[in-house]
Number of protein chains: 2
Amino acid sequence: MADQTNQHRRRLPPSARGRAQDISRDELIIGATLKLLGEVGYNALKMSDVASQAGVSKATLYRRWTAKADLVADAVATLNPFLPPDYPGTSLRDDLLALMERASTCGDRSDVVTATMEMARSNPDLYRTLSERFTTYVRREMGSLAVRAVEEGFAALSPVELDHVSETVVAFVTHLSSPASKTIPRERLIGVVDHVLTVLITGSRQSG
Amino acid sequence: MADQTNQHRRRLPPSARGRAQDISRDELIIGATLKLLGEVGYNALKMSDVASQAGVSKATLYRRWTAKADLVADAVATLNPFLPPDYPGTSLRDDLLALMERASTCGDRSDVVTATMEMARSNPDLYRTLSERFTTYVRREMGSLAVRAVEEGFAALSPVELDHVSETVVAFVTHLSSPASKTIPRERLIGVVDHVLTVLITGSRQSG
DNA sequence: TCAATACGAAACTCAAGAGTTTCGGTACTA
DNA sequence: TAGTACCGAAACTCTTGAGTTTCGTATTGA
């Protein structure tokens, strides 16, 4: 599992001679970028705000990234914490819910989802990359859930069907990530799990 | 069915005396706005471009709308052609596909969907309004399709279930409206219809 | 006919914000 | 210890684009 994340890193290389760059500042800058990105979105994000939020000078920013778009691209690319959710394992339903919650919060940075949509038009490549990464993550997790579903006695899903269930999860997470509410109400996630995902996986709906 | 669309019209009222405004220019301006909005999105949309595209002077624009946001809001509000699709009526599947196609093209202006997402962050109210209108439209059409499904012998869907199917349609349409491709590939729509919507409505999947 | 307003064209004002530069000083390396 | 590159702070340049104003002309209602 090689890391393909660094493929498109846009951070400028530090110089060979002279005083070394303080690498710990990278982290501060990326963190500040993500925080502000979540709060105000891409267009309203100001480099000067990033600098002051990171406790760093603007010159330091531009010593590492040549442009705002590059910095943001690298920052968002950092959003890897697509760790497997803590599956309660009590039921398929509960596990699905756990997955939805994890996916919709992106590891505690839910607002970045809408910020990404905002960037989509001007940075289609970046959008595509993130979108694919996200889908891949969900698909992988859904695969393991599907295995468990079979163990619970449900008919197995074909790979194609699994793809569609995964896409459904992604579609709902992005759709529900409204810029209005910071977090997706839990009831809505439950509704999707009970009335959509469960139906797709088990192939039958309960009366109601 | 009163028209609630004009509720928030932001166009300035014309003066009582003096030369009358040429109302036919409104149409040109709105048209140009929608066209450019689809092409370049909201942020990159320039008022001067709208003016020249409409064959109108910038002064004329500002005689009618005080700000870019207002013009765009009115323009997007125009996007009412949420007419019922031409249902082929040959099968539930075909009708679903027709609905998906209609919804995803918004009456031939598919790009506006992604432009709307771009505006979501800075204009949450506008986004909410459009989103609700869209959902309402899909929900209404889905209702009539559900009736037909019952006639074909499928178990009836509860209102709650119908809501979720409708939301699924909306989620997929917005999700598939990538800024990359102008139109959503038909195969993808078919995939969603066959592997998601049909399953949700009929409550069973064919062997995959 | 006349006052009021619309129209296009084009020059204009203004604010915001990206990116740069300078400076006084610090830290690393050879 | 000399040279180089780092750092923060702050002033700076420049572009972009929204919104305004002016002017010469065309309409309209009274």
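A, B, ... follow the sequence lines: proteins, then strands. Residue 1 opens every chain. These numbers come from the heavy atoms of this one structure, side chains and all, not from hydrogens, waters or symmetry mates. Fair warning: this is a prediction, and the values are worked out from it, not measured in the lab.
Remark: Y87(B) OH to L97(B) CG distance equals 11.5 Å, nearest 0.5 Å. Here N43(A) contributes atom CG and E118(A) contributes atom CD; the two are 4.5 Å apart, rounded to the nearest 0.5 Å.
The salt bridge (Lys or Arg N to Asp or Glu O under 4.0 Å) search around D95(A) returns R148(A), not counting sequence neighbours. With sequence neighbours excluded, no residue forms a side chain to side chain donor-acceptor pair (under 3.5 Å) with Y62(B).
Straight-line distance from the OH atom of Y42(B) to the P atom of dG17(D): 13 Å, rounded to whole Å. Residue I29(B) contributes atom CD1, which lies 13 Å from atom P of dA6(C) at whole-angstrom precision. Computed from coordinates, the Q21(A) CD to dG8(D) C1' distance equals 15 Å when rounded to whole Å.
Across all their heavy atoms, P88(A) and D94(A) have their closest contact at CG-CB, 3.7 Å.
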#### Entry: Per-nucleotide protein contact string for nucleotides 15-25 of chain C, where B marks a base within reach and S marks sugar-phosphate only (heavy atoms under 4.0 Å, - for neither)
--SSBBB---B

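Take the nearest nucleotide of DNA chain C for A16(A) and for I23(B): the residue whose nucleotide is more 5' is I23(B). Residue whose closest nucleotide on DNA chain D sits further toward the 5' end, between P13(A) and A20(B): P13(A).
The pair R186(A)-E101(A) meets the salt-bridge criterion, with a side-chain N (NZ, NE, NH1 or NH2) lying under 4.0 Å from an Asp/Glu carboxylate O.
Regarding contacts with the backbone of dC6(D), a side-chain N or O of S15(A) is found under 4.0 angstrom from either OP1 or OP2. Phosphate contact (OP1/OP2 of dC6(D), side-chain N/O of R25(A), threshold under 4.0 Å): absent. Contact annotation: R17(A) side-chain N/O to dC6(D) OP1/OP2 distance is not under 4.0 Å.
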